[in-house]
Participant: 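Let me give you the structure first, and then I'll get to my questions.
Remember, it's 1-based here, ligands and their atoms both numbered in the order they're listed.
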Amino acid sequence: MRTTQYLLGTLKENPANAEVVSHQLMLRAGMVRRVAAGLYTWTPTGLKVLRKVEQIVREEMAAAGALEILMPMVQPADLWQESGRWEDYGPELLRLKDRHQREFVLGPTHEEVISELVRKEISSYKQLPMNLFQIQTKFRDEIRPRFGVMRSREFIMKDAYSFHTSDACLEKTYQAMYDAYTRIFTRLGLNFRPVIADTGSIGGDMSHEFHVLASSGEDAIAFSTESDYAANVELAEAVAPSTPRDEATQELNKQATPNVKTIDDLVSQFNVAIEQTVKTLIVHGTDDHGEPTLVALVIRGDHSLNEIKAAKIKGVLSPLVFATEEEIQAAVGAGPGSLGPVGLKLRTIVDRSAAVLSDFVTGANDDGYHYFGVNWERDAACTEVEDLRDVVEGDPSPCGKGTVRIARGIEVGHIFQLGTTYSDAMKVSVLNESGKSQNLAMGCYGIGVSRIVAAAIEQHHDDKGIIWPEATAPFQVCILPMNMHKSVRVKEVAENLYSELQAAGFDVLFDDRKERPGVMFADMELVGVPHTIVIGERNLDEKAVEYTARNSSEKVKMPIEDVVSYLK
Ligand code: ATP
Ligand code: MG
Ligand code: MG
Ligand code: MG
């Protein structure tokens, strides 16, 4: 590709309103442009990267035995009524009507549509197991879209769904997907961690998230220094939110106790709560939509866990997410029989966040449960990690090996054993070996394809721009001819090298603009092309060019005829 015939779109200045480095660099490197909140156009450079990510995902899914399909983005409401999610999904689900006043949704996920396909296409156990996937556009009306394509409203997801007549068979495919995800994120050159995730309101037996480690990540994950143990500290997100969280949050806010005016009031009330609460369930509720994060505490008193969970189902406490004492202790690595570190965690969060505290609620609901909640700004969420680190480092890991560390993660994948939840609701059944009708066990497996592009940049950049791993670089090599428009010799060598590299199968960007060398270098460093060949008059006397790798500052003088073999 010649730069003069390309839409490079690089920007010198940092765009306003781009908070995280990946968003800034995606705009500056000319990868995306904002259309409206959470909606982006992928420009040529961005699209090239996106397609490379897609391709790696596609290859590994196919290698793991999954079949590619493509489902519609617009889905009929009656399928969602059948599954029960028409009522349950909440405001992230965008609903629309056609000219006949029939209702539809823009698909945030595809369990319903795939169930409709499988119940019609598959009738016998002999056709199973089956794993179907697509790479497709999703829409979620995120309450606060942010960080560019990291949390957008329209985004590209790879979603796969598997169907089985036994749990053992589901577990096998689940493991195959776990392994495929490990290969995908390794090929993408990402530093990642699979972590134990909450099965949340959807129920089910087993769930893992795959997190790219980055300080800008919205999740905190606890992991062992000496084993593969890792868990999402929040243990708080369900695959599909099943409660109208916004309304419930508003309800909590309405009930805010007026005599709590300062952070000191809050802390002292909170302390009382802690004292009373050896049996307390402490709840770290992450707002499902991003921010502000709600941290909440529910005092169990004499009530059982089941009673509190029942209250949640009624919607009274639906923004809160529940974890058992053991789950919390496992997550923070506290010793058995003590909630001390968890209490401490919440205490320190409250204290340190005074400066950014924007809102809080406390009180009791009709059922007599006390609750407590704080809305944090983003910085507070970061403080929380440091606090957790103070609390848990040195503590042994729940797995028995090593100690616990806390890191920030970006959720790029999520795999889930759903069991028969959807098959029961939507009657997805086959005749089994004994000729009886049986509802199918189901697994679902998501990857945030577009989010990966941003996550990769969070991990691979410096102050000059992006440093693409080979696998996802928009171009592999760039040719920078110095003052080509004045030197016939430079032009000739550059053109020849361009043809040779293309013939050898390289994706090459040939910067044929009439620009100053400084501008050309800056642009290529910003875009992050892994290999650069600089062609200048002086080196040509020795029939040489200069080579630099984007991830090194070393300049290597190289004979022209060695370039292609060196890059191979
Ligand atoms: P999050 O916790 O970040 O809101 P999620 O748990 O709601 O994500 P899933 O339902 O598990 O998301 O969807 C599968 C994958 O889709 C996620 O692991 C993530 O990588 C990606 N994803 C989800 N929401 C978004 C979004 N708004 N923008 C970009 N990617 C997203
Ligand atoms: Mg999540
Ligand atoms: Mg998830
Ligand atoms: Mg979400």
Participant: Give a yes or no on this: more than 12 heavy atoms of other residues, nucleotides or ligands lie within 6.0 Å of atom NZ of Lys48.
Facilitator: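 Enclosed.
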
Participant: Any salt bridge between Glu82 and Lys427, counting N to O under 4.0 Å?
Facilitator: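 Judged by the 4.0 Å cut-off on N to carboxylate O distance, Glu82 and Lys427 do not form a salt bridge.
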
Participant: Over 60° means perpendicular and under 30° means parallel, so classify the ring planes of His23 and Tyr40, tilted if in between.
Facilitator: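 The arrangement is perpendicular - the two ring planes meet at more than 60°.
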
Participant: Within a distance under 4.0 Å of any heavy atom of Arg140, pick out the atoms of ligand 1 and give their elements.
Facilitator: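 Within the 4.0 Å cut-off of Arg140, ligand 1 contributes 5 (P), 7 (O), 9 (P), 10 (O), 12 (O), 13 (O), 23 (C), 24 (N).
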
Participant: For ligand 1, which atoms have a heavy atom of Val149 less than 4.0 angstrom away?
Facilitator: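 Near Val149, the atoms of ligand 1 are 29 (C).
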
Participant: Does Val412 have a heavy atom less than 4.0 Å from any atom of ligand 1?
Facilitator: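 Yes, that is the case, since the closest heavy atom of the residue is under 4.0 Å from the ligand.
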
Participant: Could you tell me whether Lys138 and Asp159 make a salt bridge, using a distance below 4.0 angstrom between a side-chain N and a carboxylate O?
Facilitator: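 The answer is yes: the pair qualifies as a salt bridge.
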
Participant: Which option wins on minimum heavy-atom distance to atom 21 (C) of ligand 1: Ala454, Gly448, Ser207?
Facilitator: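 Looking at heavy atoms only, Gly448 sits closest to atom 21 (C) of ligand 1.
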
Participant: With atom 29 (C) of ligand 1 as the reference point, say which of Glu92, Glu154, Met150 has the nearest heavy atom.
Facilitator: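 Heavy atom nearest to atom 29 (C) of ligand 1 belongs to Met150.
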
Participant: Output the list of atoms in ligand 1 that are nearer than 4.0 Å to some heavy atom of Gly413, sorted by atom number.
Facilitator: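 What qualifies from ligand 1 is 18 (O).
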
Participant: Would you mind checking if Arg187 and Glu60 are paired as a salt bridge, meaning a charged N to carboxylate O distance below 4.0 Å?
Facilitator: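 Yes, this pair counts.
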
Participant: Which ligand 1 atoms, with their elements, are less than 4.0 angstrom from a heavy-atom of His414?
Facilitator: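 In order of numbering, the contacting atoms are 11 (O).
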
Participant: Tell me whether Glu112 is salt-bridged to Arg85, with the criterion being a basic N under 4.0 Å from an acidic carboxylate O.
Facilitator: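 Result for this pair is yes, salt bridge flagged.
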
Participant: Check whether any N, O or S atom of Glu209, backbone or side chain, sits closer than 2.8 Å to the Mg ion (ligand 2).
Facilitator: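 It does not; every qualifying atom lies at 2.8 Å or beyond.
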
Participant: Is the closest N or O pair between Ser450 and ligand 1 shorter than 3.5 Å?
Facilitator: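 Among all N and O atoms of Ser450, none is under 3.5 Å from an N or O of ligand 1.
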
Participant: With heavy-atom distances below 4.5 Å as the criterion, would you say the side chains of Val113 and Pro72 are in contact?
Facilitator: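 Yes, their side chains come closer than 4.5 Å.
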
Participant: Answer whether the closest heavy-atom distance between the side chains of Gln134 and His110 falls below 4.5 Å.
Facilitator: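 Contact flag for Gln134/His110 side chains = yes.
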
Participant: Please identify which atoms of ligand 1 are closer than 4.0 Å to at least one heavy atom of Glu142.
Facilitator: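 Listed by number with element: 24 (N), 26 (C), 27 (N).
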
Participant: Going by the angle between their ring planes, with limits at 30° and 60°, are Tyr181 and Phe185 parallel, tilted or perpendicular?
Facilitator: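 Plane angle over 60°, so perpendicular.
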
Participant: Got an N/O contact under 3.5 Å between Arg153 and ligand 1?
Facilitator: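 Looking only at distances, the answer is no, because the N/O contact criterion of under 3.5 Å is not met.
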
Participant: By atom name, which N, O or S atom belonging to His414 lies closest to the Mg ion (ligand 3)?
Facilitator: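 Within His414, restricted to N, O or S, the Mg ion (ligand 3) is closest to atom ND1.
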
Participant: Please determine whether the number of non-hydrogen atoms from other residues, nucleotides or ligands lying under 6.0 Å from atom CG of Asp228 exceeds 12.
Facilitator: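 No, because the 6.0 Å sphere around CG of Asp228 holds 12 heavy atoms or fewer from other groups.
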
Participant: Can you list the ligand 1 atoms lying under 4.0 Å from a non-hydrogen atom of Ser152?
Facilitator: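 Those qualifying, in numeric order: 26 (C), 27 (N), 28 (N).
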
Participant: For atom 4 (O) of ligand 1, which candidate among His211, Glu411, Arg151, Met157 provides the closest heavy atom?
Facilitator: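 Looking at heavy atoms only, the winner is Arg151.
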
Participant: For N/O/S atoms only: which one belongs to Glu411 and is nearest the Mg ion (ligand 3)?
Facilitator: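 Result for Glu411 and the Mg ion (ligand 3): OE2.
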
